[in-house]
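Each ligand, and each atom within it, is numbered from 1 in the order the structure gives.
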Amino acid sequence: MDQFRIIGGRKLKGGVGVSGAKNSALPCLAATLLTTETVTLHNVPYVRDLITMRRLLEDLGARVLVPELRTHRIDARTVENIEAPYELVKTMRASVLALGPLVARFGRARVSLPGGCAIGQRPIDQHLGALEKMGARIELHGGVVAAACDRLRGAEIVFDTVTVTGTENILMAAALARGRTVLVNAACEPEVTDLAELLVKMGARIGGIGTSVLTVDGVDALGGAEHRIIPDRIETGTLAVAAAITGGELEITDCAPQHLEAVIEKLRACGVEIEQTATDRLHVRRRNRLRAQSLTTEVYPGFPTDMQAQYMALMTQAEGEAEIVETIFENRFMHASELQRLGAHLRVAGASVHVSGPAPLTGARIMASDLRASASLVLAGLVAEGETWIERVYHIDRGYEQIEEKLRSAGAEIERVKGGRE
Ligand code: EPU
């Protein structure tokens, strides 16, 4: 398994481009299952999860052409199989996004039930409850969820909890249902909006896009479309923290600053200078000491849980004490003990972590446990004295496109060591 070797202490400087959003590209690829016509997606990030999603589509019988590295042309006319197997679901929970489109188009779908994962239990009861309300019969047998119906019918769905992929699954299902579906307490994350915009291009009738109440008037068929995936706001935020934690300066290009307001506001409060230099550019610089600021993760437009681990790495270098409260997932502090191994002063208490700083970090061997945790360890490695070795970097490859090359191009000393000694 690959590892990263980082020598800390280099201030980042330069320009770095942001890739397309993983969490938008995943549902947009799943949405291509809804139509017999070709859908072309641009700016699809070249990351492991997208390769897995492409495999899933091909397994189901779709033809996926990749005429250029980040363009996918999907023809799902030939889909015959309606089962997302455990082998794929266990490596990527987002495989569950095949459920809504398959049951809407074919009247049946089988998807292995994803188990718990490194950040929490992550049930899919909200996805299943909504499909049942739309007329699907749901059965769970042998770890596989089977959904069947003649044609889904519109319904009023009130989500008990805000769920991103749940909203996306039901939005896709509702697009082909008979009649009107209203989704109340829907997720408003930019990735949900991006999916809704693709669906509209395919002929779906969706109102309330960008709000927590979505109204979908089902149509009999959806058609082909061409769509560009939005920039990855979490990669953007991670790069901003990289500039801030090293006391460096980065021009972050090809990004969507409007999707990052809570992150920008928080970083500014810590003393990071952030300026929007063009509609798709941010200039991030840190010259003064960082000030500790407490934080609570929230659904969009609040501070994203997917930036919590990276922010914790930053707080290890800030003056004072910060309390970081995680409200979205019940077990998303696996990075805390690894940061401690580097010398961070942290105290985990239930759903919060108290960080006091600045703590001088020193390199050590540490282990990545999930995607965002790995990003936080890389950030800490950038300021730790000496050598940091991060094991299991396959986690970071799931969602960051060539992170080590991007950071190296801005002056970081980081290299990938192929097939390390695990
Ligand atoms: N939840 C339920 N029941 C459900 C669905 C969700 O109780 O049926 C709970 C979850 O257990 C969790 C909360 O609701 O406590 C929010 O979960 P959500 O469903 O919103 O998460 P998700 O859709 O599985 C997506 C992203 C995650 C991101 C979360 C929160 C994708 C593919 N994944 O997951 O991204 O953390 O939303 O914003 O879009 C990542 O990229 O590293 C990542 C984990």
Side-chain angles (χ1 to χ4, degrees), residues 19-31 45 47-50 52-53 56 89 91-100 111 113-133 138 140 145 157-172 183 185-195 212 229-230 232-238 259 262-263 297-310 326-332 334-335 351 368-376 394-401 403:
S19 302
K22 165 185 83 88
N23 289 348
S24 172
L26 287 170
C28 287
L29 274 164
V47 296
R48 177 63 45 194
D49 273 8
L50 266 304
T52 308
M53 183 54 97
L56 172 60
V89 179
T91 53
M92 187 185 70
R93 302 178 57 82
S95 308
V96 80
L97 285 166
L99 184 62
V111 173
L113 194 64
C117 77
I119 62 176
Q121 288 184 17
R122 305 183 73 182
I124 57 163
D125 57 298
Q126 300 297 308
H127 307 225
L128 301 182
L131 286 175
E132 262 181 335
K133 244 189 137 183
I138 306 277
L140 174 64
V145 174
I157 311 290
V158 182
F159 290 109
D160 296 335
T161 181
V162 177
T163 159
V164 174
T165 49
T167 302
E168 291 165 348
N169 236 339
I170 304 312
L171 193 56
M172 292 188 278
L183 280 69
N185 200 24
C188 316
E189 269 65 4
E191 295 76 18
V192 177
T193 297
D194 201 30
L195 168 68
S212 61
I229 303 295
I230 55 169
D232 196 306
R233 64 194 166 104
I234 306 302
E235 186 193 8
T236 309
T238 304
H259 295 158
V263 173
T297 60
E298 284 166 45
V299 297
Y300 191 81
F303 192 99
T305 172
D306 288 345
M307 277 298 299
Q308 176 258 106
Q310 300 89 315
E326 172 60 57
T327 67
I328 310 294
F329 291 108
E330 70 269 26
N331 181 26
R332 211 177 192 180
M334 301 275 273
H335 42 283
S369 55
D370 74 73
L371 172 58
R372 309 303 171 187
S374 344
S376 120
Y394 58 83
H395 286 294
I396 208 162
D397 294 334
R398 293 185 54 180
Y400 288 89
E401 191 175 314
I403 182 92

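Listed by number with element, the atoms of ligand 1 under 4.0 Å from a non-hydrogen atom of K22 are 40 (C), 41 (O). Close approach to I124 involves these atoms of ligand 1, each under 4.0 Å from a residue heavy atom: 4 (C), 8 (O). For ligand 1, the atoms closer than 4.0 angstrom to any heavy atom of H127 are 8 (O). Here is the list of ligand 1 atoms found below 4.0 Å of a heavy atom in T305: 30 (C), 36 (O), 38 (O). Annotation for ligand 1: atoms under 4.0 Å from non-hydrogen atoms of Q126 are 3 (N), 4 (C), 8 (O). Per-residue contacts place V162 under 4.0 angstrom from the following atoms of ligand 1 (heavy atoms of the residue considered): 16 (C), 20 (O). Set against the non-hydrogen atoms of D306, the atoms of ligand 1 under 4.0 Å away are 27 (C), 28 (C), 35 (O), 36 (O), 40 (C), 41 (O), 42 (O), 43 (C), 44 (C). Heavy-atom proximity to V164, at under 4.0 Å, picks out these atoms of ligand 1: 18 (P), 19 (O), 20 (O), 23 (O), 25 (C), 37 (O), 38 (O).
Residues satisfying the salt bridge (Lys or Arg N to Asp or Glu O under 4.0 Å) criterion with R372, sequence neighbours excluded, are absent altogether. Among residues two or more places apart in sequence or in another chain, the side-chain hydrogen bond (donor to acceptor under 3.5 Å, both in side chains) test is passed with H127 by N169.
Taking 4.5 Å as the limit, some side-chain heavy atom of V299 sits within range of a side-chain heavy atom of E189. Two residues are said to be in side-chain contact when any heavy atoms from C-beta on lie closer than 4.5 Å; D232 and S19 fail this criterion.
The shell of residues lying under 4.0 angstrom from ligand 1, judged by heavy atoms, includes R332.
Relative to atom 24 (O) of ligand 1, the option among H395, R122, M92, R398 with the closest non-hydrogen atom is R122. Taking each of T161, L371, L128, V96 in turn, the one with a heavy atom nearest to atom 14 (O) of ligand 1 proves to be T161.
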**Item:** D49 and R93: CA distance, side-chain angles, deciding distance, salt bridge (Lys or Arg N to Asp or Glu O under 4.0 Å) verdict
**Value:** CA-CA 10 Å; D49 273 8; R93 302 178 57 82; over 6 Å; no

**Message:** Set out, in order, the CA-CA distance, both residues' side-chain angles and the distance that settles salt bridge (Lys or Arg N to Asp or Glu O under 4.0 Å) for E191 and R233, then state yes or no.
**Reply:** CA-CA 10 Å; E191 295 76 18; R233 64 194 166 104; 2.8 Å; yes

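When hydrogens are left out, the protein atom nearest atom 41 (O) of ligand 1 is R372 NH2, 2.8 Å; that is the closest non-hydrogen contact. The nearest protein atom to atom 33 (N) of ligand 1, hydrogens excluded, is given as N23 ND2, 3.7 Å; this is a heavy-atom distance. Protein heavy atom in closest approach to atom 19 (O) of ligand 1: T163 OG1, 2.7 Å.
Checking only distances, E168 never comes within under 3.5 Å of ligand 1, N or O to N or O. The shortest N/O to N/O separation between I328 and ligand 1 falls below 3.5 Å. Between P123 and ligand 1, at least one pair of N/O atoms sits closer than 3.5 Å. Of the polar atoms of R93, none of the N or O atoms is found under 3.5 Å from an N or O of ligand 1, judged by distance alone. Of the N or O atoms in A94, none lie within a sub-3.5 Å distance of an N or O in ligand 1. The N/O atoms of T165, backbone and side chain alike, include one that comes under 3.5 Å of an N/O atom in ligand 1.
Not a single donor-acceptor pair under 3.5 Å links the side chain of S212 to the backbone N or O of N185. Between the D194 side chain and the I230 main chain, a donor and an acceptor come within less than 3.5 Å of each other. Side-chain atoms of Q126 come within 3.5 Å of backbone N or O of D160 as a donor-acceptor pair. Judged by distance alone, the side chain of Q308 and the main-chain N or O of T297 form no donor-acceptor pair under 3.5 Å.
Proximity of M53 to ligand 1, defined as any heavy-atom pair under 4.0 Å, is not found for any part of the residue. With a heavy-atom cut-off of 4.0 Å, E191 does not touch ligand 1 at all.
Between the side chains of E326 and T305, at least one donor N or O lies within less than 3.5 Å of an accepting N or O.
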